There are 2 protein chains.
Amino acid sequence: MATECKNCPLHTKDLFVSLKPEQLAEMQRFKVGELSIDPGTPLLMEGSNSPQLFTALRGMGLRYKTLQDGRRQVINLVFPGDFIGLQAGVMKEMKHSVEATTHMTLCVFDRGEFWNFFRNNPERGFDMTWLAAVEEHLLGESLATIGQRTASEAIAWTLLRIYRRGEAVGLVTNGHMPMPYKQQDLADCLGLSLVHTNKTLGRLRERQIVSWSEGQLQINDMESLAELAKDDGEPMPKRPLM
Amino acid sequence: MATECKNCPLHTKDLFVSLKPEQLAEMQRFKVGELSIDPGTPLLMEGSNSPQLFTALRGMGLRYKTLQDGRRQVINLVFPGDFIGLQAGVMKEMKHSVEATTHMTLCVFDRGEFWNFFRNNPERGFDMTWLAAVEEHLLGESLATIGQRTASEAIAWTLLRIYRRGEAVGLVTNGHMPMPYKQQDLADCLGLSLVHTNKTLGRLRERQIVSWSEGQLQINDMESLAELAKDDGEPMPKRPLM
DNA sequence: CGGTTGTTTGACGCCCTTCAACGAGCGTGG
DNA sequence: CCACGCTCGTTGAAGGGCGTCAAACAACCG
């Protein structure tokens, strides 16, 4: 039973810019269905030319690239509200892969209608650009993290960002944030080895700053964490929802 | 004396998707002037809310972010054809800084007209999204480089990419590519220390793979370079020109 | 109960950083 | 004209953060 756009659980969250009723109707027309996938399922593959675009409705995943020798770089994590497949939408093919970490449900859009949608809804087209610009900005921050921050800074920064994003979409309850990823995923986010990631996490736990176990992330000392992360304290940028 | 869009030296390069005459005319209308700046001049500052957008017409520069403790991460290099300021165009402010490395001349667009332009030219709006998606893709590749490649791989990869991009916009003559950056810039691109960058470059030079001196980049052994860089050999993605 | 996946811990070593110093090129001013 | 300062490239030495190797442990499952 597909969710109707006007009942979308996301578009009321204040992370997203609010949509006018007619825009919701437009999205409803653009939306061709809903997809539900199990943990571990690949959604889009590097080099594929998917006929579909998605926005994550529920669940979490990750986008990654693999070098030819098998090393993997996680580009970013996929949260509810993320738009997936823009690259396939405008370029010929995907340049990275996307896979589900938890069970996910996604709104499905028809790529063939993408251009029509864009032409008929310039406001939404603008929002698409906006979205891409936000993505670009976030990747720039990740670059700065991997390039400049030490392992503990980087891990602190990443956990903080995950927590905040989770808060913004209502995933946090009682200070508990679902954290379904593996340590290996976090390591591949940051270009660190699994072992070093593990030990650094252990140190953060000992210092009572964050605890991450059994798929739950908890922040025990927000102040120390933000300081360690060298977070610049800028609020999470608002973004459109597709 | 401003360059007219229809005489733009760039839009015939095959890196860019070609523009129809009426699109050129539209760009001409959107363009409010031309800016010429000296090496070292900051063009956009992090946190600024610039009223202008640019596309680089001639010259080279770089985009970077600085952490609060002064560490700098170069997000990417700016080449002719790059569109600058999209973030300020859709979000409130710039999230990184841009500065000129060589003398640069840029086409200037009025940010206030951005939305109108977008609405009146859905095709160009689409191209804007396309551009942002290309940027995002390139940042993803940089992430993989910084995160996964070793210093010599990363440096090889970066030099190779610079050379190819230079070729694509006609900057290479006789196998010589202008390389106006400092070693510190390259180091800040890759999250490496200046010293290590220098020594790694020296090793590449000794092995007769690339030589970079006096602002000129030369590739002596393209095959070895591509192999070292673990380049996946995909062609440079075509992109729109604004 | 063996097999698998993910976390944890220890030992060892290297890639890379940091500190330090020197040289080359160049513009400035005495 | 040369001394001086500044920037940038280069090189050596020392140390540490992080990677690699290896193994043990816990949880889950057929």
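Lettering follows sequence order; numbering is per chain, from 1. In what follows, every heavy atom counts, from backbone to side chain, and hydrogens, waters and symmetry copies are set aside. Keep in mind it's a predicted model, so treat the numbers as computed, not measured.
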side-chain hydrogen bond (donor to acceptor under 3.5 Å, both in side chains) partners for B:Thr145, two or more places apart: B:Arg149
Counterpart residues, side-chain hydrogen bond (donor to acceptor under 3.5 Å, both in side chains), relative to B:Ser224 (two or more places apart): B:Asp221
Sole candidate of A:Ile84, A:Asp82, A:Thr41 that passes side-chain contact (heavy atoms from CB on, under 4.5 Å) when paired with A:Val98: A:Ile84
Nucleic acid footprint by protein, nucleotides 23-30 of chain D - heavy-atom cut-off 4.0 Å, B for base, S for sugar-phosphate alone: --------
Distance-only donor-acceptor pairs under 3.5 Å for side chains of residues 70-81 of chain B, two or more places apart:
from	atom 1	to	atom 2	distance (Å)
B:Arg71	NE	B:Asp69	OD1	3.3
B:Arg71	NE	B:Asp69	OD2	2.9
B:Arg71	NH1	A:Gln148	O	2.5
B:Arg71	NH1	A:Glu153	OE1	3.2
B:Arg71	NH2	A:Glu153	OE1	3.2
B:Arg71	NH2	A:Glu153	OE2	3.3
B:Arg71	NH2	B:Asp69	OD2	2.7
B:Arg72	NE	B:Asp188	OD2	2.7
B:Arg72	NH2	B:Asp185	OD1	2.7
B:Arg72	NH2	B:Asp188	OD2	2.9
B:Gln73	OE1	A:Gln148	NE2	2.9
B:Gln73	NE2	B:Asp188	O	3.1
B:Gln73	NE2	B:Cys189	O	2.9
B:Asn76	OD1	B:Arg63	NE	2.8
B:Asn76	ND2	B:Glu135	OE1	3.0

Which atom pairs, donor and acceptor, lie under 3.5 Å between side-chain atoms of residues 196-207 of chain B and protein residues at least two apart or in another chain?
from	atom 1	to	atom 2	distance (Å)
B:Thr197	OG1	B:Ser193	O	2.7
B:Asn198	ND2	B:Gln183	OE1	2.9
B:Thr200	OG1	B:His196	O	2.7

Residues forming a side-chain hydrogen bond (donor to acceptor under 3.5 Å, both in side chains) with B:Ser36, sequence neighbours excluded: B:His103
Contacts of type ring-ring contact (aromatic ring centres under 6.0 Å, His included), residue A:Phe54, not counting sequence neighbours: none
hbond_proxy B:Lys199 side chain to D:dG12 base (donor-acceptor, 3.5 Å cutoff): yes
Between side-chain atoms of residues 211-218 of chain A and protein atoms elsewhere (two or more places apart, or another chain), which donor-acceptor pairs fall under 3.5 Å?
from	atom 1	to	atom 2	distance (Å)
A:Trp212	NE1	A:Met179	O	3.4
A:Gln218	NE2	A:His176	NE2	3.3

Strand-adjacent residues in residues 143-158 of chain A, judged by heavy atoms under 4.0 Å from DNA chain D: A:Thr150, A:Ala151
By side chain to side chain contact (heavy atoms under 4.5 Å, CB included) - contacts of A:Asn49 (at least two apart): A:Arg111
Contacts of type side chain to side chain contact (heavy atoms under 4.5 Å, CB included), residue A:Ser97, not counting sequence neighbours: A:Met45, A:Glu46, A:Tyr64
Residue B:Asn198, side-chain heavy atoms: nucleotide from D:dG9, D:dG12, C:dT7 that is nearest: D:dG9
Residues within residues 181-197 of chain B bordering DNA chain C, heavy-atom distance below 4.0 Å: B:Gly191, B:Leu192, B:Ser193, B:Val195, B:His196
Value in whole Å for how far the P atom of D:dC8 lies from CG of B:Leu201: 16 Å
